[in-house]
There are 2 protein chains.
Amino acid sequence: MARTAGSDGEKTEAAIRAAALRLMARHGFEAVSMRQLAGEVGVQAAALYRYFPTKEDLLYTLMRAHMEGLIASWEAARPASGNAAALLSAFVENHIRFHVARRHSTHVSNMELRSLSHERLTHILRLRGAYEKELRQILRSGADAGTFHIDDTALTAMAIIQMITGVIVWFRPGERLSVEEVADTYHTMTLRLVGAPA
Amino acid sequence: MARTAGSDGEKTEAAIRAAALRLMARHGFEAVSMRQLAGEVGVQAAALYRYFPTKEDLLYTLMRAHMEGLIASWEAARPASGNAAALLSAFVENHIRFHVARRHSTHVSNMELRSLSHERLTHILRLRGAYEKELRQILRSGADAGTFHIDDTALTAMAIIQMITGVIVWFRPGERLSVEEVADTYHTMTLRLVGAPA
DNA sequence: TAATTAATAGAACGTACGTTTAATTATGGC
DNA sequence: GCCATAATTAAACGTACGTTCTATTAATTA
(Lines give C-alpha, C1' and ligand atoms only; values in the text may rest on other atoms or scores of the structure.)
Protein backbone atom coordinates (compact mmCIF):
# COMPACT_ATOMS: atom_id res chain seq x y z
CA MET A 1 0.00 0.00 0.00
CA ALA A 2 1.01 3.63 -0.27
CA ARG A 3 -1.01 6.78 0.26
CA THR A 4 -4.03 5.99 2.41
CA ALA A 5 -7.55 7.25 1.95
CA GLY A 6 -8.21 10.52 3.72
CA SER A 7 -4.55 11.15 4.51
CA ASP A 8 -3.71 14.80 5.10
CA GLY A 9 -0.27 16.26 5.75
CA GLU A 10 -1.39 18.86 8.25
CA LYS A 11 -3.38 16.41 10.31
CA THR A 12 -0.59 13.85 10.24
CA GLU A 13 1.99 16.38 11.39
CA ALA A 14 -0.24 17.53 14.23
CA ALA A 15 -0.82 13.91 15.24
CA ILE A 16 2.94 13.25 15.20
CA ARG A 17 3.63 16.24 17.43
CA ALA A 18 0.92 15.33 19.90
CA ALA A 19 1.97 11.70 20.08
CA ALA A 20 5.64 12.65 20.40
CA LEU A 21 4.91 14.95 23.33
CA ARG A 22 2.81 12.32 25.05
CA LEU A 23 5.29 9.49 24.58
CA MET A 24 8.42 11.52 25.30
CA ALA A 25 6.92 13.05 28.41
CA ARG A 26 6.23 9.58 29.73
CA HIS A 27 9.26 7.59 28.57
CA GLY A 28 11.86 10.18 27.67
CA PHE A 29 13.22 11.19 24.28
CA GLU A 30 15.86 8.47 24.02
CA ALA A 31 13.45 5.75 25.10
CA VAL A 32 10.89 6.51 22.40
CA SER A 33 11.70 4.95 19.03
CA MET A 34 10.55 6.30 15.71
CA ARG A 35 8.72 3.01 15.13
CA GLN A 36 6.90 3.32 18.44
CA LEU A 37 5.95 6.89 17.64
CA ALA A 38 4.77 5.92 14.19
CA GLY A 39 2.71 3.11 15.67
CA GLU A 40 1.02 5.57 18.02
CA VAL A 41 0.15 7.79 15.08
CA GLY A 42 -1.02 4.84 13.00
CA VAL A 43 1.57 5.19 10.28
CA GLN A 44 4.86 3.62 9.19
CA ALA A 45 8.13 5.00 10.57
CA ALA A 46 9.25 6.22 7.16
CA ALA A 47 6.27 8.54 6.99
CA LEU A 48 7.59 10.56 9.93
CA TYR A 49 10.55 11.63 7.83
CA ARG A 50 8.33 13.53 5.49
CA TYR A 51 7.63 15.96 8.34
CA PHE A 52 10.82 15.94 10.40
CA PRO A 53 14.20 15.21 8.82
CA THR A 54 15.60 13.62 11.99
CA LYS A 55 14.42 12.63 15.42
CA GLU A 56 16.34 15.52 16.93
CA ASP A 57 14.61 17.95 14.57
CA LEU A 58 11.32 16.76 15.93
CA LEU A 59 12.44 17.37 19.51
CA TYR A 60 13.81 20.77 18.66
CA THR A 61 10.57 21.77 16.94
CA LEU A 62 8.55 20.77 19.99
CA MET A 63 10.80 22.61 22.40
CA ARG A 64 10.94 25.75 20.34
CA ALA A 65 7.17 25.81 20.04
CA HIS A 66 6.89 25.43 23.81
CA MET A 67 9.25 28.27 24.64
CA GLU A 68 7.87 30.60 21.98
CA GLY A 69 4.37 29.83 23.19
CA LEU A 70 5.34 30.60 26.75
CA ILE A 71 6.87 33.94 25.82
CA ALA A 72 3.89 34.84 23.64
CA SER A 73 1.54 33.89 26.45
CA TRP A 74 3.32 36.20 28.85
CA GLU A 75 3.36 39.04 26.33
CA ALA A 76 -0.39 38.69 25.98
CA ALA A 77 -1.00 38.43 29.72
CA ARG A 78 1.40 41.11 30.92
CA PRO A 79 -0.52 44.06 32.37
CA ALA A 80 0.09 47.27 30.48
CA SER A 81 0.57 49.11 33.72
CA GLY A 82 0.63 48.27 37.38
CA ASN A 83 2.98 48.02 40.30
CA ALA A 84 5.55 45.28 40.78
CA ALA A 85 3.26 43.18 42.96
CA ALA A 86 0.57 43.16 40.28
CA LEU A 87 3.12 42.25 37.63
CA LEU A 88 4.51 39.47 39.77
CA SER A 89 1.05 38.08 40.38
CA ALA A 90 0.32 38.11 36.67
CA PHE A 91 3.61 36.41 35.94
CA VAL A 92 3.02 33.62 38.44
CA GLU A 93 -0.53 33.04 37.30
CA ASN A 94 0.36 32.98 33.62
CA HIS A 95 3.26 30.63 34.26
CA ILE A 96 1.22 28.16 36.23
CA ARG A 97 -1.74 28.21 33.87
CA PHE A 98 0.46 27.77 30.82
CA HIS A 99 2.39 24.85 32.25
CA VAL A 100 -0.56 23.05 33.78
CA ALA A 101 -2.34 23.22 30.42
CA ARG A 102 0.74 21.75 28.69
CA ARG A 103 2.00 19.05 31.01
CA HIS A 104 3.60 16.91 28.31
CA SER A 105 5.24 19.78 26.54
CA THR A 106 6.59 21.11 29.82
CA HIS A 107 8.07 17.78 30.82
CA VAL A 108 9.78 17.40 27.49
CA SER A 109 11.14 20.93 27.53
CA ASN A 110 12.46 20.56 31.05
CA MET A 111 13.96 17.09 30.75
CA GLU A 112 15.31 16.65 27.26
CA LEU A 113 17.62 19.60 26.78
CA ARG A 114 20.63 17.31 26.73
CA SER A 115 19.41 15.55 23.62
CA LEU A 116 19.80 18.72 21.57
CA SER A 117 22.89 19.60 19.58
CA HIS A 118 25.01 22.38 21.02
CA GLU A 119 23.73 25.07 18.71
CA ARG A 120 20.09 24.18 19.17
CA LEU A 121 20.53 23.92 22.90
CA THR A 122 21.98 27.41 22.84
CA HIS A 123 18.95 28.73 21.00
CA ILE A 124 16.48 27.19 23.44
CA LEU A 125 18.48 28.46 26.39
CA ARG A 126 18.44 31.92 24.90
CA LEU A 127 14.65 31.84 24.77
CA ARG A 128 14.53 30.60 28.33
CA GLY A 129 16.93 33.32 29.41
CA ALA A 130 14.77 35.99 27.82
CA TYR A 131 11.75 34.71 29.69
CA GLU A 132 13.57 34.60 33.02
CA LYS A 133 14.82 38.10 32.46
CA GLU A 134 11.22 39.31 32.56
CA LEU A 135 10.91 37.97 36.08
CA ARG A 136 14.22 39.48 37.19
CA GLN A 137 13.09 42.86 35.93
CA ILE A 138 9.88 42.63 37.89
CA LEU A 139 11.79 41.70 41.01
CA ARG A 140 14.27 44.52 40.54
CA SER A 141 11.60 47.13 39.96
CA GLY A 142 9.77 45.99 43.08
CA ALA A 143 12.97 46.08 45.08
CA ASP A 144 13.80 49.57 43.78
CA ALA A 145 10.34 50.79 44.71
CA GLY A 146 10.76 49.38 48.20
CA THR A 147 7.83 46.99 47.76
CA PHE A 148 9.98 43.85 47.70
CA HIS A 149 12.87 42.97 49.98
CA ILE A 150 15.26 40.81 48.04
CA ASP A 151 18.76 39.62 48.87
CA ASP A 152 19.81 38.49 45.41
CA THR A 153 17.64 39.11 42.38
CA ALA A 154 19.05 36.34 40.18
CA LEU A 155 18.87 33.76 42.95
CA THR A 156 15.35 34.76 43.91
CA ALA A 157 14.19 34.59 40.30
CA MET A 158 15.53 31.05 39.97
CA ALA A 159 13.94 30.02 43.24
CA ILE A 160 10.56 31.34 42.14
CA ILE A 161 10.77 29.71 38.73
CA GLN A 162 11.74 26.36 40.19
CA MET A 163 8.90 26.61 42.66
CA ILE A 164 6.17 27.53 40.21
CA THR A 165 7.35 25.17 37.49
CA GLY A 166 7.38 22.34 40.02
CA VAL A 167 3.60 22.51 40.15
CA ILE A 168 3.32 20.07 37.28
CA VAL A 169 5.27 17.43 39.19
CA TRP A 170 2.48 16.84 41.65
CA PHE A 171 -0.58 18.72 40.40
CA ARG A 172 -3.31 16.70 38.72
CA PRO A 173 -6.27 18.70 37.42
CA GLY A 174 -9.59 17.45 38.64
CA GLU A 175 -8.30 16.20 41.96
CA ARG A 176 -8.27 17.90 45.33
CA LEU A 177 -7.40 21.39 44.12
CA SER A 178 -8.39 23.46 41.11
CA VAL A 179 -5.91 25.42 39.00
CA GLU A 180 -7.35 28.59 40.46
CA GLU A 181 -6.74 27.50 44.03
CA VAL A 182 -3.23 26.35 43.25
CA ALA A 183 -2.35 29.52 41.37
CA ASP A 184 -3.76 31.56 44.23
CA THR A 185 -1.74 29.78 46.88
CA TYR A 186 1.44 30.06 44.84
CA HIS A 187 0.71 33.69 44.29
CA THR A 188 0.51 34.23 48.05
CA MET A 189 3.69 32.27 48.69
CA THR A 190 5.57 34.17 46.01
CA LEU A 191 4.61 37.55 47.41
CA ARG A 192 5.70 36.45 50.86
CA LEU A 193 8.92 35.10 49.42
CA VAL A 194 9.88 38.51 48.11
CA GLY A 195 8.95 40.18 51.36
CA ALA A 196 5.85 41.92 50.06
CA PRO A 197 2.83 42.38 52.31
CA ALA A 198 0.10 39.85 51.55
CA MET B 1 43.94 -11.24 28.48
CA ALA B 2 41.90 -11.79 31.59
CA ARG B 3 42.39 -10.58 35.14
CA THR B 4 44.58 -7.50 35.09
CA ALA B 5 47.38 -6.65 37.49
CA GLY B 6 46.23 -4.77 40.57
CA SER B 7 42.56 -5.33 39.87
CA ASP B 8 40.32 -5.08 42.92
CA GLY B 9 36.60 -5.70 43.04
CA GLU B 10 35.80 -2.99 45.55
CA LYS B 11 37.71 -0.33 43.67
CA THR B 12 36.21 -1.37 40.35
CA GLU B 13 32.68 -1.23 41.71
CA ALA B 14 33.28 2.22 43.18
CA ALA B 15 34.73 3.38 39.87
CA ILE B 16 31.71 2.03 38.01
CA ARG B 17 29.30 3.84 40.31
CA ALA B 18 31.15 7.12 40.08
CA ALA B 19 31.47 6.94 36.30
CA ALA B 20 27.83 5.93 35.93
CA LEU B 21 26.66 8.91 37.98
CA ARG B 22 28.86 11.29 36.02
CA LEU B 23 27.84 9.99 32.61
CA MET B 24 24.15 9.53 33.37
CA ALA B 25 23.88 12.97 34.94
CA ARG B 26 25.28 14.48 31.76
CA HIS B 27 23.73 12.35 29.02
CA GLY B 28 20.83 10.56 30.69
CA PHE B 29 20.41 6.89 31.56
CA GLU B 30 19.17 5.75 28.17
CA ALA B 31 21.87 7.62 26.30
CA VAL B 32 24.74 5.99 28.20
CA SER B 33 25.70 2.57 26.85
CA MET B 34 27.33 -0.15 28.89
CA ARG B 35 30.30 -0.02 26.52
CA GLN B 36 30.68 3.72 27.01
CA LEU B 37 30.49 3.29 30.76
CA ALA B 38 33.03 0.47 30.66
CA GLY B 39 35.34 2.61 28.55
CA GLU B 40 35.17 5.38 31.12
CA VAL B 41 36.11 2.92 33.86
CA GLY B 42 38.86 1.39 31.75
CA VAL B 43 37.36 -2.05 31.51
CA GLN B 44 35.41 -4.23 29.07
CA ALA B 45 31.61 -4.07 29.10
CA ALA B 46 31.29 -7.66 30.29
CA ALA B 47 33.17 -6.82 33.48
CA LEU B 48 30.32 -4.53 34.58
CA TYR B 49 28.04 -7.55 34.84
CA ARG B 50 30.11 -8.98 37.65
CA TYR B 51 28.90 -6.08 39.80
CA PHE B 52 25.45 -5.27 38.45
CA PRO B 53 23.28 -7.94 36.83
CA THR B 54 21.57 -5.46 34.51
CA LYS B 55 21.80 -1.83 33.55
CA GLU B 56 18.61 -1.13 35.44
CA ASP B 57 20.05 -2.75 38.56
CA LEU B 58 22.89 -0.29 38.39
CA LEU B 59 20.50 2.64 38.17
CA TYR B 60 18.39 1.33 41.00
CA THR B 61 21.44 0.86 43.22
CA LEU B 62 22.54 4.43 42.59
CA MET B 63 19.11 5.87 43.29
CA ARG B 64 18.56 3.84 46.42
CA ALA B 65 21.95 4.91 47.76
CA HIS B 66 21.06 8.53 47.06
CA MET B 67 17.73 8.43 48.83
CA GLU B 68 18.98 6.41 51.78
CA GLY B 69 21.93 8.78 52.10
CA LEU B 70 19.60 11.76 52.08
CA ILE B 71 17.41 10.31 54.80
CA ALA B 72 20.42 9.31 56.89
CA SER B 73 21.87 12.78 56.47
CA TRP B 74 18.69 14.36 57.75
CA GLU B 75 18.47 11.96 60.69
CA ALA B 76 21.99 12.97 61.66
CA ALA B 77 21.37 16.68 61.17
CA ARG B 78 17.92 16.92 62.76
CA PRO B 79 18.07 18.92 66.01
CA ALA B 80 17.03 16.87 69.03
CA SER B 81 14.86 19.70 70.21
CA GLY B 82 13.90 23.12 68.96
CA ASN B 83 10.96 25.02 67.61
CA ALA B 84 9.52 24.60 64.14
CA ALA B 85 11.52 27.47 62.69
CA ALA B 86 14.78 25.93 63.88
CA LEU B 87 13.76 22.55 62.47
CA LEU B 88 12.81 24.09 59.15
CA SER B 89 16.13 25.92 58.96
CA ALA B 90 18.01 22.71 59.66
CA PHE B 91 15.97 20.87 57.03
CA VAL B 92 16.63 23.45 54.34
CA GLU B 93 20.32 23.66 55.12
CA ASN B 94 20.79 19.90 55.17
CA HIS B 95 18.87 19.50 51.94
CA ILE B 96 20.88 22.10 50.08
CA ARG B 97 24.26 20.95 51.41
CA PHE B 98 23.49 17.32 50.60
CA HIS B 99 22.36 18.00 47.06
CA VAL B 100 25.05 20.51 46.18
CA ALA B 101 27.67 18.00 47.33
CA ARG B 102 26.09 15.32 45.11
CA ARG B 103 25.17 17.07 41.89
CA HIS B 104 25.46 14.00 39.68
CA SER B 105 23.58 11.72 42.02
CA THR B 106 20.84 14.32 42.43
CA HIS B 107 20.39 14.77 38.69
CA VAL B 108 20.15 11.04 38.15
CA SER B 109 17.70 10.56 40.99
CA ASN B 110 15.48 13.39 39.80
CA MET B 111 15.51 12.62 36.08
CA GLU B 112 15.67 8.88 35.62
CA LEU B 113 12.76 7.59 37.67
CA ARG B 114 10.95 6.51 34.53
CA SER B 115 13.68 4.04 33.66
CA LEU B 116 12.90 1.94 36.73
CA SER B 117 10.54 -1.01 36.75
CA HIS B 118 7.23 -0.45 38.46
CA GLU B 119 8.17 -2.17 41.69
CA ARG B 120 11.52 -0.45 42.03
CA LEU B 121 9.98 2.88 41.20
CA THR B 122 7.50 2.27 43.99
CA HIS B 123 10.30 1.60 46.44
CA ILE B 124 12.19 4.76 45.55
CA LEU B 125 9.01 6.81 45.72
CA ARG B 126 8.31 5.36 49.14
CA LEU B 127 11.69 6.59 50.36
CA ARG B 128 11.04 9.98 48.83
CA GLY B 129 7.63 10.11 50.44
CA ALA B 130 9.10 9.33 53.84
CA TYR B 131 11.57 12.17 53.45
CA GLU B 132 8.90 14.65 52.35
CA LYS B 133 6.75 13.63 55.29
CA GLU B 134 9.43 14.99 57.60
CA LEU B 135 9.00 18.39 56.04
CA ARG B 136 5.22 18.25 56.20
CA GLN B 137 5.41 17.43 59.90
CA ILE B 138 7.64 20.41 60.55
CA LEU B 139 5.25 22.65 58.66
CA ARG B 140 2.24 21.30 60.52
CA SER B 141 3.84 21.67 63.94
CA GLY B 142 4.80 25.24 63.13
CA ALA B 143 1.30 25.98 61.91
CA ASP B 144 -0.22 24.42 65.04
CA ALA B 145 2.05 26.52 67.22
CA GLY B 146 1.02 29.63 65.35
CA THR B 147 4.58 30.29 64.18
CA PHE B 148 3.82 29.51 60.54
CA HIS B 149 0.85 30.61 58.46
CA ILE B 150 0.17 28.01 55.86
CA ASP B 151 -2.75 27.54 53.47
CA ASP B 152 -2.09 23.96 52.47
CA THR B 153 0.60 21.89 54.13
CA ALA B 154 1.10 19.36 51.33
CA LEU B 155 1.22 22.03 48.64
CA THR B 156 3.63 24.18 50.63
CA ALA B 157 5.91 21.22 51.29
CA MET B 158 6.10 20.47 47.58
CA ALA B 159 6.76 24.12 46.76
CA ILE B 160 9.61 24.28 49.26
CA ILE B 161 11.15 21.03 48.06
CA GLN B 162 10.99 22.10 44.43
CA MET B 163 12.56 25.41 45.32
CA ILE B 164 15.45 24.07 47.38
CA THR B 165 16.17 21.13 45.09
CA GLY B 166 16.29 23.52 42.15
CA VAL B 167 19.47 24.98 43.56
CA ILE B 168 21.57 22.46 41.69
CA VAL B 169 20.15 23.56 38.36
CA TRP B 170 21.95 26.87 38.46
CA PHE B 171 24.37 26.75 41.39
CA ARG B 172 28.05 26.16 40.60
CA PRO B 173 30.35 25.99 43.63
CA GLY B 174 33.28 28.32 43.46
CA GLU B 175 31.47 30.96 41.45
CA ARG B 176 29.71 34.08 42.62
CA LEU B 177 28.13 32.62 45.75
CA SER B 178 29.28 30.12 48.35
CA VAL B 179 27.13 27.24 49.60
CA GLU B 180 26.79 29.07 52.89
CA GLU B 181 25.43 32.22 51.26
CA VAL B 182 23.04 30.24 49.09
CA ALA B 183 21.78 28.14 51.98
CA ASP B 184 21.33 31.28 54.04
CA THR B 185 19.31 33.08 51.37
CA TYR B 186 17.11 30.03 50.80
CA HIS B 187 16.65 29.73 54.51
CA THR B 188 15.38 33.31 54.65
CA MET B 189 13.08 32.80 51.67
CA THR B 190 11.67 29.62 53.14
CA LEU B 191 10.84 31.23 56.45
CA ARG B 192 9.12 34.08 54.66
CA LEU B 193 7.28 31.60 52.48
CA VAL B 194 5.66 30.00 55.51
CA GLY B 195 4.80 33.35 57.00
CA ALA B 196 7.30 33.20 59.83
CA PRO B 197 9.05 36.35 61.05
CA ALA B 198 12.55 36.62 59.65
C1' DT C 1 -9.90 12.12 -17.99
C1' DA C 2 -4.99 12.55 -18.09
C1' DA C 3 -1.00 14.36 -15.71
C1' DT C 4 1.02 15.90 -11.63
C1' DT C 5 1.87 16.05 -6.95
C1' DA C 6 1.14 14.67 -2.02
C1' DA C 7 1.29 11.03 1.26
C1' DT C 8 2.29 6.90 2.45
C1' DA C 9 3.91 1.61 2.73
C1' DG C 10 7.30 -1.94 2.75
C1' DA C 11 11.74 -3.50 2.72
C1' DA C 12 16.30 -2.91 3.51
C1' DC C 13 21.03 -0.93 5.40
C1' DG C 14 24.48 -0.47 8.58
C1' DT C 15 25.21 0.18 13.30
C1' DA C 16 24.82 -0.09 18.14
C1' DC C 17 22.64 -2.00 21.95
C1' DG C 18 22.23 -5.10 26.45
C1' DT C 19 23.72 -9.31 27.64
C1' DT C 20 25.93 -14.13 27.76
C1' DT C 21 29.49 -17.54 27.34
C1' DA C 22 33.92 -19.41 27.66
C1' DA C 23 38.60 -18.85 28.25
C1' DT C 24 42.43 -16.66 30.71
C1' DT C 25 45.20 -14.46 34.06
C1' DA C 26 46.20 -12.50 38.85
C1' DT C 27 45.84 -12.94 43.76
C1' DG C 28 45.96 -14.89 48.41
C1' DG C 29 45.91 -18.91 51.59
C1' DC C 30 48.17 -23.20 52.70
C1' DG D 1 54.93 -23.59 44.80
C1' DC D 2 50.31 -25.26 44.33
C1' DC D 3 45.42 -24.49 44.24
C1' DA D 4 41.06 -22.34 44.73
C1' DT D 5 38.93 -18.35 43.54
C1' DA D 6 38.48 -13.47 42.13
C1' DA D 7 38.65 -10.43 38.20
C1' DT D 8 38.66 -9.71 33.75
C1' DT D 9 38.96 -10.20 28.44
C1' DA D 10 37.42 -11.40 23.79
C1' DA D 11 34.02 -12.84 20.98
C1' DA D 12 29.56 -13.64 19.92
C1' DC D 13 24.10 -13.50 19.95
C1' DG D 14 19.89 -11.72 18.86
C1' DT D 15 17.45 -7.57 18.65
C1' DA D 16 16.28 -2.89 17.91
C1' DC D 17 17.61 1.44 16.37
C1' DG D 18 17.58 5.81 13.07
C1' DT D 19 17.35 6.42 8.52
C1' DT D 20 17.00 5.74 3.32
C1' DC D 21 15.22 3.97 -1.00
C1' DT D 22 11.77 2.74 -4.13
C1' DA D 23 7.32 1.64 -5.37
C1' DT D 24 2.46 2.65 -4.97
C1' DT D 25 -1.81 4.87 -4.24
C1' DA D 26 -4.85 9.09 -3.22
C1' DA D 27 -5.87 13.73 -4.14
C1' DT D 28 -5.54 17.76 -7.05
C1' DT D 29 -5.08 20.35 -11.13
C1' DA D 30 -5.70 21.29 -16.03
Side-chain angles (χ1 to χ4, degrees), chain A residues 1-24 26-63 108 112 114-118 120, chain B residues 1-21 23-24 26-63 108 112 114-118 120-121:
Chain A
M1 259 181 291
R3 179 167 188 170
T4 54
S7 61
D8 174 338
E10 275 191 40
K11 286 183 184 170
T12 302
E13 178 173 349
I16 293 171
R17 295 170 70 137
L21 286 176
R22 189 169 58 247
L23 289 177
M24 291 177 186
R26 174 173 240 126
H27 306 291
F29 173 76
E30 297 272 1
V32 175
S33 74
M34 296 300 266
R35 285 171 179 82
Q36 182 187 2
L37 173 57
E40 190 85 356
V41 177
V43 103
Q44 289 295 315
L48 304 178
Y49 288 83
R50 181 176 177 76
Y51 303 95
F52 303 96
T54 68
K55 195 184 176 192
E56 194 217 326
D57 274 276
L58 169 56
L59 176 63
Y60 176 62
T61 301
L62 297 174
M63 285 194 173
V108 172
E112 309 300 346
R114 56 191 168 198
S115 293
L116 292 178
S117 70
H118 177 72
R120 285 175 165 173
Chain B
M1 260 183 291
R3 179 167 188 171
T4 53
S7 61
D8 174 339
E10 276 191 38
K11 286 182 185 169
T12 302
E13 178 172 349
I16 293 171
R17 295 170 70 137
L21 286 176
L23 290 176
M24 291 177 185
R26 174 174 240 125
H27 305 291
F29 173 77
E30 297 270 2
V32 175
S33 74
M34 296 300 266
R35 285 171 179 81
Q36 181 186 3
L37 173 56
E40 190 84 357
V41 177
V43 103
Q44 290 295 314
L48 304 178
Y49 288 83
R50 181 175 177 78
Y51 303 95
F52 303 97
T54 69
K55 194 185 177 190
E56 194 216 328
D57 273 276
L58 169 56
L59 176 63
Y60 177 62
T61 301
L62 297 175
M63 285 194 173
V108 171
E112 309 299 345
R114 56 191 168 198
S115 292
L116 292 178
S117 69
H118 177 73
R120 287 175 163 173
L121 173 63

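Chain letters run A, B, ... following the sequence lines, proteins first and then strands; every chain starts at 1. No experiment lies behind these values; they were computed from the predicted model shown.
For the atom pair CG (B:Leu48) and CZ (B:Arg35), the distance works out to 10.5 Å, reported to the nearest 0.5 Å. The line from CG of A:Leu62 to CG of A:Asp57 is 10.5 Å long, rounded to the nearest 0.5 Å. Distance check: B:Leu23 CG to B:Leu37 CG gives 6.0 Å after rounding to the nearest 0.5 Å.
The distance between atom CD of B:Glu10 and atom C1' of C:dG28, rounded to the nearest whole Å, is 15 Å. In this entry the distance linking NZ of A:Lys11 with P of D:dA26 reads 17 Å, nearest Å. Rounded to an integer number of Å, the gap from CD of B:Glu30 to C1' of D:dG18 is 15 Å.
Within residues 32-42 of chain A, the residues that place at least one heavy atom under 4.0 Å from DNA chain D are, in residue-number order, A:Val32, A:Ser33, A:Met34, A:Arg35. Within residues 48-59 of chain B, the residues having any heavy atom under 4.0 Å from DNA chain D are, by residue number, B:Arg50, B:Tyr51.
Of all nucleotides listed (D:dT19, D:dT8, C:dT8), D:dT8 comes nearest to the side chain of B:Ala2.
Using a distance-only test at 3.5 Å, with no hydrogens or angles considered, no donor-acceptor pair links the side chain of A:Glu112 to the main chain of A:Leu59. Put simply, the side chain of B:Lys55 never gets that close to the backbone of B:Ser33: no donor and acceptor are under 3.5 Å apart.
For B:Ala14, the side-chain contact (heavy atoms from CB on, under 4.5 Å) test picks out no residue, with sequence neighbours left out.
In this structure, A:Thr4 does not reach the D:dT25 phosphate: none of its side-chain N or O atoms is under 4.0 Å from OP1 or OP2. Contact between the side-chain N/O atoms of A:Gln44 and the OP1/OP2 oxygens of C:dT8 is not found at any separation under 4.0 Å.
The pair A:Arg120-A:Glu56 counts as a salt bridge, with a side-chain nitrogen and a carboxylate oxygen less than 4.0 angstrom apart. Taking the charged nitrogens against the carboxylate oxygens, A:Glu40 and A:Arg22 do have a contact shorter than 4.0 Å, which makes a salt bridge.
Applying the Watson-Crick and G-U wobble criteria (two distances, each under 3.5 Å), D:dA30 pairs with C:dT1.
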